[in-house]
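This report refers to the structure that appears directly beneath it.
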Amino acid sequence: KKATFMEAYEAINEQFETIFSRLSDGSGTLFLENEEDPFDGGLTMKAQPGDKPVQRLAAMSGGEKSLTALAFVFAIQRYNPAPFYALDEVDAFLDAANADAVGELIDELAGKAQFIVVSHRSALLERSERAIGVTMHQDNVSAVTGIDLSEESPPEVPAND
Amino acid sequence: KKATFMEAYEAINEQFETIFSRLSDGSGTLFLENEEDPFDGGLTMKAQPGDKPVQRLAAMSGGEKSLTALAFVFAIQRYNPAPFYALDEVDAFLDAANADAVGELIDELAGKAQFIVVSHRSALLERSERAIGVTMHQDNVSAVTGIDLSEESPPEVPAND
Amino acid sequence: MHIKELVLDDFKSFGRKTRIPFYEDFTTISGPNGSGKSNIIDSVLFALGLARTSGIRAEKLTDLIYNPDDTDATHTGEREASVEVVFDNNDGTIDRSQVINAAGTDSIGETDEITVKRRVKETADNYYSYYYLNGRSVNLSDIKDLLAQVGVTPEGYNVVMQGDVTEIINMSAGNRRRIIDEIA
Amino acid sequence: MHIKELVLDDFKSFGRKTRIPFYEDFTTISGPNGSGKSNIIDSVLFALGLARTSGIRAEKLTDLIYNPDDTDATHTGEREASVEVVFDNNDGTIDRSQVINAAGTDSIGETDEITVKRRVKETADNYYSYYYLNGRSVNLSDIKDLLAQVGVTPEGYNVVMQGDVTEIINMSAGNRRRIIDEIA
Ligand SMILES: Nc1ncnc2c1ncn2[C@@H]1O[C@H](COP(=O)(O)OP(=O)(O)OP(=O)(O)O)[C@@H](O)[C@H]1O
Ligand SMILES: Nc1ncnc2c1ncn2[C@@H]1O[C@H](COP(=O)(O)OP(=O)(O)OP(=O)(O)O)[C@@H](O)[C@H]1O
Ligand SMILES: [Mg+2]
Ligand SMILES: [Mg+2]
């Protein structure tokens, strides 16, 4: 029913607005195409990065869309907090500055929940306390090496970038 | 009709096999789901990276799929050669080694055709003879700076990675 | 509470029993394309029943069993894959009664450590799925219900798969709204 | 033959007339998210009529005209965007007769340089699209036919847009086969 939906929607939107302004130097919000009857329309995002005019998701650049969708995912996660989260290459289309902002946010969120993040980007790899390296051995078997970065040993895992 | 299709298909597949083995240390081929009646089935790719068992596109890793789809695009381009090609961030999911292999191939193909490539990755940015930097100015207007790298001046454009 | 260890045995590309330790803060996983990073993420989805419709990139469950040769080869005899997720529950995020409730018995050992294990076994003509909570045999729904009580659910995007972000961008506005329908 | 210069005037985020020189080999374009890189790629698609169905990220043609404020604001008076693609044709890849044929006249100047220009103009109640080949007014089909003769076509993936590779991966096998149907 509409009430249950709107309750979740408002709460998630609140998280989205906070997270989005934290990640970009602008403001963003969720947007229901039909506010009267949400189930009769869809959901999109509107954002105003910096001091640009408001744009809907579809009009944004590749990296801006990525950042916006990621903020949406983080907002969903925060609506019903859990002890751990895993992210698989969510930073593929972000430039260095945006990847950095995401890395910083995850670092902070990792204070309260466990984050396991797959990435090729140095912006994220350099921030973690632990780095797990995965390689495929000759016999087509994956192998794992773990490195504790909190003791400040140089990571053996070459950052992709 | 089938004959016209098969002629294009065989030619593109030939290009695909060459390009794929050049980009990965394995072999790959296009695959028609219904060889008797191509229009009754779809098209996918099968590849054997290195000495792994043959896998269809759907079973590959994110980066392997990206490399395979990119090889398909290059094969289509080579079927009907043109004076220029433009690529917008085709390297997002590739690791450093694969991004390097793609950069090397483009460098070689650029001997015969003009390549204009949008990228954040140093593997590609370092190989070009010219680098164009794009920024958004305060008044929401894009501006462009061009740098000639063939005279070996250090690029002012910071590589994203 | 946090995941302290994953044990993958013949799961996808992990053809040898592999223990992967995790710590309670920020861990990154990196490596070349095709090395097995997403497979580690898949193992968590598999063991905790978190796969959404777009699921764990496997046409059938038995595709998740380590297969070193041609994937279409017929297998004779039994093959089996298992994943074990070991949670450090020293902070009592999940309390003992919840585990007893989910396991249907109170012989579950100490709950400062909570272990969820899933096995898939393929025989010549059939396949079987087994679930265990602290060693006791349970149903998938017992595990999902227990985890839902600490906010770990398939629709909650606890695990964001490679391509999920792109999928959210490309999906219709209606489907995007349905993401919230599911959570509400 | 190669593109030697692009001239963008009020096209998308290029609110000032901008000349972008290109060279005949390998040029890279880089910069922060949202700076305008894909817009440069879009300008080539726009001017040369190369947009495929997934097109140039614009709901209507007039969205391509530089707009510094709220995109829903009503515009009074005329607004106009133009893109000019200047080809260096010193190697005679396209010969003079092909250009005369496409332009429908032989007063096309020298063809060691071939210029394709497209303008979109919006007035209070309507919008107009204009195409020029070496300064002569032509139809979009004249330009597309001329370019097709040197292998530049919408279905040939001469221009690979951001997300095209992902789209090829995610599309059904049937749609992937249709890519070849279109080329054949
Ligand atoms: N059942 C199986 N048996 C053996 N190997 C498998 C099985 N299932 C998948 N694989 C292998 O696992 C590899 C994919 O691993 P994965 O998707 O984890 O890579 P990745 O490290 O995430 O790469 P990327 O950086 O490209 O995303 C495939 O190349 C495939 O060969
Ligand atoms: N008609 C227009 N008028 C003004 N600005 C526009 C117009 N159309 C698009 N833009 C702006 O152009 C920007 C997008 O540029 P573009 O897509 O080229 O970025 P990009 O450099 O490719 O970024 P990314 O690295 O994220 O892909 C948007 O932020 C939008 O504000
Ligand atoms: Mg992966
Ligand atoms: Mg872009």
Side-chain angles (χ1 to χ4, degrees), chain A residues 4-5 7-9 12 32-33 38-39 41-44 57 65-66 69-70 72-73 76-77 79-90 92 106-107 110-111 113-120 124-125 127-136 139-144 146 157 159-160, chain C residues 1-3 8 12-16 18-32 34-41 44-45 66 68 87 93 147 150-153 155-169 172-181 183-184:
Chain A
T4 331
F5 173 88
E7 186 183 351
Y9 173 79
I12 291 172
L32 285 170
E33 291 176 334
F39 302 110
L43 166 75
T44 187
L57 184 71
K65 283 176 178 172
S66 230
L70 191 49
F72 181 53
V73 167
I76 290 168
Q77 291 177 345
Y79 171 67
N80 187 8
F84 77 90
Y85 298 101
L87 311 175
D88 193 348
E89 289 196 42
V90 296
I106 291 174
D107 211 358
Q114 176 187 36
F115 269 85
I116 297 167
V117 179
V118 177
S119 177
H120 293 289
L124 269 76
L125 300 181
R127 285 207 157 79
S128 59
E129 281 98 0
R130 324 288 170 163
I132 290 171
V134 189
T135 49
M136 186 63 92
D139 50 357
N140 293 334
V141 170
S142 289
V144 161
V157 190
N160 180 22
Chain C
M1 178 164 121
H2 62 272
I3 296 173
L8 278 58
K12 299 194 79 178
S13 59
F14 286 83
R16 278 190 281 278
T18 309
R19 293 181 176 277
I20 308 175
F22 288 92
Y23 301 88
E24 60 185 316
D25 36 41
F26 182 2
T27 305
T28 51
I29 299 175
S30 60
S35 56
K37 308 180 295 295
S38 296
N39 289 345
I40 294 173
I41 301 297
V44 174
L45 291 168
Y66 173 67
F87 291 98
T93 304
L147 291 170
V150 286
V152 179
T153 62
E155 62 277 3
Y157 279 97
N158 296 92
V159 179
V160 183
M161 296 168 65
Q162 194 167 1
D164 273 353
V165 172
T166 304
E167 187 180 48
I168 288 173
I169 292 166
S172 70
N175 282 335
R176 210 176 292 127
R177 198 213 65 239
R178 259 161 232 127
I179 292 175
I180 302 204
D181 297 353
I183 302 167

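Below, chain A is the first sequence line, B the second, and so on; all start at residue 1. Just so it is clear, the structure is predicted and the values come from calculations on it, not from any experiment.
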Identify the heavy atoms of [X] and [Y] that sit nearest to each other, and give their distance.
X	Y	result
C/V152	A/A82	CG2-CB, 3.9 Å
A/Q77	C/Y157	NE2-O, 2.9 Å
A/S128	C/T28	OG-OG1, 2.9 Å
C/S30	A/S119	CB-O, 3.4 Å
C/I169	A/L57	O-CD2, 4.2 Å

Would you find more than 12 non-hydrogen atoms of other residues, nucleotides or ligands less than 6.0 Å from A/E33 atom CD?
->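 Above 12, so yes.
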Atom group of [X] that falls short of 4.5 Å from chain C, counting heavy atoms:
X	value
A/I116	both
A/A92	neither
A/F39	both

N/O donor-acceptor pair under 3.5 Å between A/Q114 side chain and C/M1 backbone |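 A pair under 3.5 Å: no.
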Are the side chain of C/R176 and the backbone N or O of A/G42 linked by a donor-acceptor pair below 3.5 Å?
->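 No: the side chain of C/R176 does not pair with the backbone of A/G42.
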Under 4.5 Å from any heavy atom of chain A - which part of [X]:
X	result
C/V44	side chain
C/L147	neither
C/I41	side chain

For the candidates A/A8, A/G111, A/P38, which exhibits the highest count of non-hydrogen atom pairs separated by less than 4.5 Å from chain C?
->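 Max contact count across the listed options: A/P38.
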Output the option from A/A113, A/P83, A/A110 having the highest count of non-hydrogen pairs under 4.5 Å with chain C.
->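 Option with the greatest count: A/P83.
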Assess whether side chain to side chain contact (heavy atoms under 4.5 Å, CB included) is satisfied between C/I40 and A/V144, documenting all intermediate values.
-> CA-CA 10 Å; C/I40 294 173; A/V144 161; 4.3 Å; yes
Measuring from atom [atom1] of [X] to atom [atom2] of [Y], what distance do you get when rounded to the nearest 0.5 angstrom?
X	Y	atom1	atom2	value
A/T135	C/K37	OG1	NZ	10.5 Å
A/T4	C/D181	OG1	CG	10.0 Å
A/E89	C/I29	CD	CD1	11.0 Å
A/I76	C/I180	CD1	CD1	6.0 Å
A/D88	C/N39	CG	CG	9.5 Å
C/I168	A/K65	CD1	NZ	14.0 Å

C/F26: partners by ring-ring contact (aromatic ring centres under 6.0 Å, His included), with sequence neighbours left out |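 C/F26 satisfies ring-ring contact (aromatic ring centres under 6.0 Å, His included) with no other residue.
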Side chain to side chain contact (heavy atoms under 4.5 Å, CB included) evaluation trace for A/D139 with C/R16 = CA-CA 11 Å; A/D139 50 357; C/R16 278 190 281 278; 3.0 Å; yes
Taking every heavy-atom pair that is under 4.5 Å apart, which of [options] has the most such pairs with chain A?
options	value
C/G174, C/G151, C/A173, C/P32	C/A173
C/G15, C/S13, C/G36	C/S13
C/I179, C/V165, C/N175	C/V165
C/I20, C/L8, C/T18	C/I20

